[in-house]
There are 2 protein chains.
Amino acid sequence: MVKVALIGAGSLAWSSTLIRDLCLTPTLYGSTITLMDIAPQRLDVIYGFARRYASEVEAQLSFERTTDRREALRGADFVINTAMAGGHGYYERMRALSERHGYYRGINSVEWNMVSDYHTIWGYYQLRLMMEIARDMEELCPEGWLLLLANPVFEGTTLLSRETRVKVIGLCHGHLGYKEVVETLGLDVDGVEAEMLGFNHLIWLTRFRYGGEDAYPLLEEWIDREAEAYWRGWRERQRNPFDIQMSPAAVDMYHRYGLFPIGDTVRGGTWRYHWNLEEKRRWYGPTGGPDSEVGWSLYLKGQGRKGETIAEAMEEPSKPLTSLLPPRRSEESVVPIIDSIANDHGALYQVNVLNKGVISGLPEDVAVEAPLEIDGKGIHRRSLGSLPRRITRQVMELRRLRLEWALEAFLEGGREPLEEWLLIDPRTKSNRQVEAVIEDLLSMPGNEEMKRHFR
Amino acid sequence: MVKVALIGAGSLAWSSTLIRDLCLTPTLYGSTITLMDIAPQRLDVIYGFARRYASEVEAQLSFERTTDRREALRGADFVINTAMAGGHGYYERMRALSERHGYYRGINSVEWNMVSDYHTIWGYYQLRLMMEIARDMEELCPEGWLLLLANPVFEGTTLLSRETRVKVIGLCHGHLGYKEVVETLGLDVDGVEAEMLGFNHLIWLTRFRYGGEDAYPLLEEWIDREAEAYWRGWRERQRNPFDIQMSPAAVDMYHRYGLFPIGDTVRGGTWRYHWNLEEKRRWYGPTGGPDSEVGWSLYLKGQGRKGETIAEAMEEPSKPLTSLLPPRRSEESVVPIIDSIANDHGALYQVNVLNKGVISGLPEDVAVEAPLEIDGKGIHRRSLGSLPRRITRQVMELRRLRLEWALEAFLEGGREPLEEWLLIDPRTKSNRQVEAVIEDLLSMPGNEEMKRHFR
């Protein structure tokens, strides 16, 4: 009997998955799910969906809807934040504007954060929204758990854990990418032990065993004997820009840094993989990967389509929703985590929390991503060793620097942090370019408050 | 009665200063000074100089000369390392070669290390020489103190302190730049309290008091009321490229980061001050500062001239050396530190040693520069607080990253660390450029061993 508040519920594709998982978890029956979004129409659609889906599978859950965030948060045991302030269109306008000043893919794209909707330095409104939700929680549900699904999970989890008293867990399904490795190698996933450690979107396969033995030699063998042929076929058939787990980029990272990169990690890297579409295609296949202009536009179209499918299904009351979304739990860990905490079912989850000794060699006060046990008492940190020195030095510390700079820009404001951000960017060629792109971005309609912050 | 070994004694300009200081420190009389250099002719000149100068001022010191480093080190109480492996010409060739690939001022010049002879990523032979001297000391004079004057002091002190058992103190006179601030403000230097903290070549005026009161308001006033007029005159008269302590670059750094930069710190900064000669002239005056092509060539010529002056003086036995170098101690702290340790005279010195808590907010295991007491027991660390958050985050951590990358390249070898170094460089535009500059640098005559290291 818990109260779950879903903030940003209007994102149909994602909320429908979550609602389905909730409906298929009988140990949470009796709970109340409060759907909150600032867009009333989309809220009505997802509310209708939730009630109909619950009814179809006979889930004993109560659903509420509200456009009032504080009402949703009051007394919540769990708050799921999936909201993206401004929506994709807003960031795409900033990207286009950046590109007119020579910043391919936008000023937000930098070493080890090339993911197109992981908004850090230009994520002022997004970080502010995260903070506002957490501040409200301190007042309205101080004992509640905040499950942060909204990106940037790395910056957001770190920021909220440092600046507020709220219990935050950052979540991302990127680590499931290891299953693609397993599948490509032709292994049975049930015989695999895999551990991924790092920062969100920057995790490395630190443990990879099959049938009790080190499985890295199998990966090596695949690289030596099969990768070339695989890549030929893959270049022919790549339709999904996210099909990059076994790309030349991933293998190159493995060779350079010493461990295999998993999930969204592969999307990162230095500019080595990202100078332009041609370079991206070399490393990520014909779409250029999810974060090229080609791949990203495919992704945005796909996102729209998923939402439309659900909206359309709601127009046909006679057709069961379960025919669209069969009653099968997803691989997302959000609902299982709620269940583990609410019902004291201890289990391991890949989570993002402040390090505090989990990964040695990384600072204590940044969010790391690691498999940790969660039960009724909360998160149980344990020491999981360290990443190889080369990864710590050349990758994690560089990414950490960008986190600190983005958080400082957000917390302190002023023009200088934005300038410093751009002055170490390989796309920058002059001070004038730095000043011009900042001025234009801050003068964009919708950025009035952001402009005052970075006055 | 101590033995002092001076490694790299053939650098006449610098060695003559040191020898003069030794000759003018009676509490060290009875000691033996062993001059060592691989160049026998220059060694003979400085040896002759030392004996004549000592005789003129009646200093009771014994001088020895040798081209055998191990002989010089055997049983030494103090080892002064001023050696630059390869000499300026070697690095100038690497600079010219880098520039042909689009790396203005060479691949070694990066954010917060624009100093033209602070050789880090391309300092393979220099770092190796430092290590060899320290390894020899472990064997031949394990109780001896190593006074590291050779650059890069930051990387060198950190490297030797981490990797060897030798007691290292890194020294640099850059901090004396605060006297130029004092003089420009028209203050009496005796009434000034100044404290500079940071890394070598990256120190900030953390404490600045005059007559017992905060003197920053005086600096502010100068900036507001006098700087513009000062700069007009300075632009007219700047002959010495090192005359930049009160330059627009220094004031800009102060405004951006919150504390006034001292000495060689002003030569650093991001590319904001360094894109090209035009930009350098805007910030550092008509010479473009010491690290422009104009300023640096003036410096190299000046260095040559100083040596020649001493060599010429040695040709005229009738003219006293004291007429060239009056018997007055310099402001260098090398000899006073030897005196403090040898004779247990406690005093404060601006030194570079592993942090271990001296400056909080910076890692424990990197060399910081700070005023610490030295006496017969050695160095007495004390906690000196922290630098402002903005400086720590945006400056020190970025510079520290470059230190770690340079040391990793030196210690681990392989091509990747060099590539990573260049991939985050604003002068880099493609992978081909990175590969080409590395290949050409490693193929340069003289770099055969370095090429094997970075195979």
Side-chain angles (χ1 to χ4, degrees), chain A residues 102 104 110-112 252-253 255-258 269-276 278-279 282-283 361 363 388-409 411-412 414-417 419-435, chain B residues 102 104 110-112 252-253 255-258 269-276 278-279 282-283 361 363 388-409 411-412 414-417 419-435:
Chain A
Y104 175 59
V110 294
E111 290 83 3
W112 299 104
D252 189 68
M253 287 179 193
H255 286 150
R256 299 180 81 75
Y257 308 110
T270 62
W271 286 99
R272 176 173 174 80
Y273 313 114
H274 298 280
W275 296 111
N276 47 44
E278 189 192 350
E279 194 74 57
R282 189 168 296 140
W283 298 104
R389 189 187 166 104
R390 177 150 294 180
I391 290 180
T392 298
R393 291 291 196 225
Q394 292 191 333
V395 180
M396 311 312 280
E397 291 190 359
L398 184 57
R399 179 66 181 87
R400 211 265 308 187
L401 203 67
R402 287 292 192 179
L403 166 133
E404 297 296 355
W405 289 25
L407 295 188
E408 175 159 335
L411 291 169
E412 306 288 327
R415 198 62 66 98
E416 292 84 359
E419 291 173 354
E420 295 291 314
W421 181 271
L422 289 168
L423 282 165
I424 59 164
D425 188 311
R427 295 164 299 179
T428 297
K429 284 158 194 62
S430 71
N431 298 341
R432 188 178 305 271
Q433 182 190 6
V434 168
E435 287 154 23
Chain B
Y104 175 58
V110 295
E111 291 84 1
W112 299 103
D252 190 69
M253 287 178 192
H255 286 149
R256 299 180 82 75
Y257 308 110
T270 62
W271 287 97
R272 175 173 175 79
Y273 312 113
H274 298 279
W275 296 112
N276 47 46
E278 189 192 348
E279 194 75 55
R282 189 168 297 139
W283 298 104
R389 190 188 166 105
R390 178 151 293 178
I391 290 181
T392 299
R393 291 292 195 223
Q394 291 191 333
V395 180
M396 311 311 280
E397 291 190 358
L398 184 58
R399 180 66 181 88
R400 211 264 308 188
L401 203 67
R402 286 292 190 180
L403 166 133
E404 297 297 354
W405 290 25
L407 295 188
E408 175 159 335
L411 291 168
E412 305 288 327
R415 197 62 66 102
E416 292 83 359
E419 291 173 353
E420 296 290 314
W421 181 272
L422 290 167
L423 282 166
I424 59 164
D425 189 310
R427 295 164 300 180
T428 297
K429 284 158 194 63
S430 71
N431 298 341
R432 188 178 306 270
Q433 181 190 6
V434 168
E435 288 155 23

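The basis for the numbers below is simple: all heavy atoms, side chains too, and nothing from hydrogens, waters or symmetry mates. Keep in mind that what you see is a predicted model, and the values were worked out from it rather than measured. Note on naming: letters A, B, ... go to the chains in the order of the sequence lines (proteins, then strands), and numbering restarts at 1 for each one.
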Worked check of side chain to side chain contact (heavy atoms under 4.5 Å, CB included) between B:His255 and A:Glu416: CA-CA 9 Å; B:His255 286 149; A:Glu416 292 84 359; 5.9 Å; no
Option in B:Glu412, B:Arg427, B:Arg400 with maximal non-hydrogen atom pairs under 4.5 Å from chain A: B:Arg400
From CD (B:Glu404) to CD (A:Glu397), nearest 0.5 Å: 6.0 Å
Chain A contact via B:Thr428 - which portion, at a heavy-atom distance below 4.5 Å: both
Side chain, backbone, both or neither of A:Ile424 within contact of chain B (heavy atoms, under 4.5 Å): both
Heavy-atom pair count under 4.5 Å with chain B, highest-scoring of A:Arg415, A:Glu419, A:Arg389: A:Glu419
Contacting region of A:Leu411 [heavy-atom separation from chain B under 4.5 Å]: side chain
Atom pair CD (B:Gln394) and CH2 (A:Trp421), whose distance is rounded to the nearest 0.5 Å: 10.5 Å
Working for side chain to side chain contact (heavy atoms under 4.5 Å, CB included), residues A:Tyr257 and B:Glu420: CA-CA 11 Å; A:Tyr257 308 110; B:Glu420 296 290 314; 2.7 Å; yes
Backbone N/O of B:Arg393 and side chain of A:Trp405: donor-acceptor pair under 3.5 Å: yes
Chain A interface, residue from B:Val434, B:Asn276, B:Thr270 that has the most non-hydrogen pairs under 4.5 Å: B:Thr270
Heavy-atom proximity to chain B below 4.5 Å, by part of A:Asp425: backbone
Contact origin within A:Glu111 toward chain B - heavy atom pairs under 4.5 Å: side chain
Pairwise distance CD(A:Glu408) to CZ(B:Arg390) - rounded to 0.5 angstrom: 4.5 Å
B:Pro363 versus chain A, the contacting section by heavy-atom distance below 4.5 Å: neither
